[in-house]
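Shown next, in structure tokens, is the structure this report addresses.
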Amino acid sequence: MKALCDRFVPQQCSSSSKSDTHDKSPLVSDSGPSDNKSKFTLWSNVFTSSSSVSQPYRESSTSGHKQVCTTRNGWTAFVKRVSMASGAIRRFQERVLGPNRTGLPSTTSDVWLLGVCYKISADENSGETDTGTVLAALQLDFSSKILMTYRKGFEPFRDTTYTSDVNWGCMIRSSQMLFAQALLFHRLGRAWTKKSELPEQEYLETLEPFGDSEPSAFSIHNLIIAGASYGLAAGSWVGPYAICRAWESLACKKRKQTDSKNQTLPMAVHIVSGSEDGERGGAPILCIEDATKSCLEFSKGQSEWTPIILLVPLVLGLDSVNPRYIPSLVATFTFPQSVGILGGKPGASTYIVGVQEDKGFYLDPHEVQQVVTVNKETPDVDTSSYHCK
């Protein structure tokens, strides 16, 4: 297991200019699935864009299509529309993310999971204790986090034949996880965990807007529509800066369509950016006056301070994550307000929810699952595909 700053090497087309390395979001791209084992997953190749593992389904057929070179957020990326066999998916994951590893490393260092600290004893780490332990609580907490993965079988996107986001939608899915988790914290609190009994109405109301159709407020369909001016398109690579702007646009659109008491997203969305509105990196600057303005717009002039989610697109290095950023990056997971990090490499985005020393715990969207319709009228719906096992 390597440290957070290792093995991040941006991969660009040979036609990329030298200036591309200073792009607004040289962090994550979207490409093929992985082969996770539905347990704790640790990933050491972590970097950030802002501020789980399920029953896998694999597309077994292989059909090649034309290869398209597209530019998104300054990166030039080749998107090959292809359904990969499971063996190819596994090789892809190991090449991009490194060999997969599940479980905890043999250390008793504290684990921080979105603002909550878990102190693992030597006995627990050696497997000498059972349920009711800190480790069991950590596993329950982790498995209660919302997982969004590739889906198949939804209605085609406008003017396309895409009925799945396999090989290109992982950044969008990662962002859905972050926003779903923020909504869950807002409605049910940080201490909430998923139990075996019938789910609460607030839990179902949290998942419902993330369905895979245009009527669902925060569907992949609507995010692509909202982010069209930032380069989002079905079948195309998307970076973290663009997805932040897509969420900002979508939240603004939904806010205008409903009254302040019935907002689907009951919080303001504010992007903390650096120079040139964050398009070319730079240190992020949080201005309270700007955040207040976002709150006023959200509340339609009724309040200067409302629930607010801060998105912070960052460049943490060129060829690799600069080691000097790691302590600050790790420290964000100690904040009780933390909703995690969208991060990865060109080719693979994940949702990072915790750290232990310089290792990261992440939820992986690179699994292909059938579309599931969740709403508060169907309390007996199976939501297991929205959580790791």
Side-chain angles (χ1 to χ4, degrees), residues 1-8 27 34 36-53 93-94 97-147 174 177-178 181 185 190-194 312 314 316-317 320-345 348 350-364 387-389:
M1 183 62 66
K2 297 187 177 181
L4 294 174
C5 55
D6 295 344
R7 299 187 66 254
F8 168 47
L27 300 180
S34 69
N36 283 351
K37 300 300 182 181
S38 303
K39 294 182 180 179
F40 276 117
T41 307
L42 290 96
W43 181 25
S44 59
N45 312 310
V46 178
F47 52 102
T48 176
S49 152
S50 66
S51 325
S52 106
V53 190
Q93 186 222 14
E94 291 185 355
L97 294 180
N100 190 43
R101 178 172 176 177
T102 62
L104 288 166
S106 53
T107 175
T108 57
S109 300
D110 293 349
V111 175
W112 281 95
L113 192 67
L114 298 185
V116 175
C117 181
Y118 291 92
K119 297 182 179 294
I120 311 298
S121 69
D123 288 342
E124 288 181 288
N125 202 46
S126 63
E128 296 178 11
T129 54
D130 202 353
T131 58
T133 64
V134 173
L135 183 56
L138 170 60
Q139 289 180 306
L140 177 61
D141 192 3
F142 185 88
S143 64
S144 297
K145 299 296 169 278
I146 302 297
L147 167 69
S174 297
M177 286 190 253
L178 186 147
Q181 200 57 58
F185 285 175
R190 175 62 183 85
W192 178 87
T193 55
K194 189 175 185 300
V312 190
L314 289 175
L316 298 181
S320 63
V321 178
N322 191 318
R324 70 177 181 175
Y325 297 134
I326 302 302
S328 296
L329 186 61
V330 169
T332 64
F333 290 96
T334 68
F335 301 166
Q337 303 89 350
S338 174
V339 288
I341 293 173
L342 311 184
K345 297 184 175 188
T350 64
Y351 176 40
I352 304 161
V353 295
V355 290
Q356 185 181 38
E357 297 178 337
D358 61 352
K359 308 298 191 298
F361 290 86
Y362 73 97
L363 298 173
D364 192 350
H387 298 273
C388 78
K389 295 293 184 179

- Message: Working to the nearest 0.5 angstrom, can you tell me the gap between Asp141 CG and Thr193 OG1?
- Response: 7.5 Å

- Thr334: side chain to side chain donor-acceptor pair (under 3.5 Å) partners, not counting sequence neighbours: none

- Query: Distance from Leu138 atom CG to Cys117 atom SG, nearest 0.5 Å?
  - Reply: 10.0 Å

- Student check: side-chain heavy atoms of Ser109 and Gln356 closer than 4.5 Å: yes

- Given side chain to side chain contact (heavy atoms under 4.5 Å, CB included), test Gln139 with Thr133 step by step and report yes or no. CA-CA 10 Å; Gln139 289 180 306; Thr133 64; over 6 Å; no

- Report yes if the side chains of Lys359 and Val111 come closer than 4.5 Å at any heavy-atom pair, otherwise no. no

- Write down the atom of Val355, the atom of Val330, and the distance for their closest heavy-atom approach. CG2-CG1, 3.7 Å

- Note on the structure: Here the pair of heavy atoms bringing Lys145 nearest to His387 is O-ND1, 3.3 Å

- Taking every heavy atom of Ile146 against every heavy atom of Gln181, the minimum-distance pair comes out as N-OE1, 3.0 Å

- Message: Contact between Phe185 and Leu114 at the side-chain level, heavy atoms closer than 4.5 Å - yes or no?
- Response: yes

- Message: Looking at every non-hydrogen atom in both residues, tell me the closest pair between Ser143 and Cys388 and how far apart they are.
- Response: CA-SG, 3.3 Å

- Heavy-atom pair with the smallest gap, counting every atom of Leu113 and Tyr118: CB-CE1, 4.2 Å

- Measure across Thr332 and Leu329 and return the closest heavy-atom pair with its distance rounded to 0.1 Å. OG1-O, 2.7 Å

- Would you indicate whether the side-chain heavy atoms of Tyr351 and Leu342 approach each other to under 4.5 Å? yes

- Compare all side-chain heavy atoms of Val353 with those of Met177 and state whether any distance is below 4.5 angstrom. no

- Query: Can you pull the salt bridge (charged side-chain N to carboxylate O under 4.0 Å, His left out) pairs that have at least one residue in residues 107-122, sequence neighbours excluded?
  - Reply: Asp110-Lys119

- Message: What I'd like to find out is whether the side chain of Ile341 reaches to under 4.5 Å of the side chain of Tyr362, using heavy atoms alone.
- Response: no

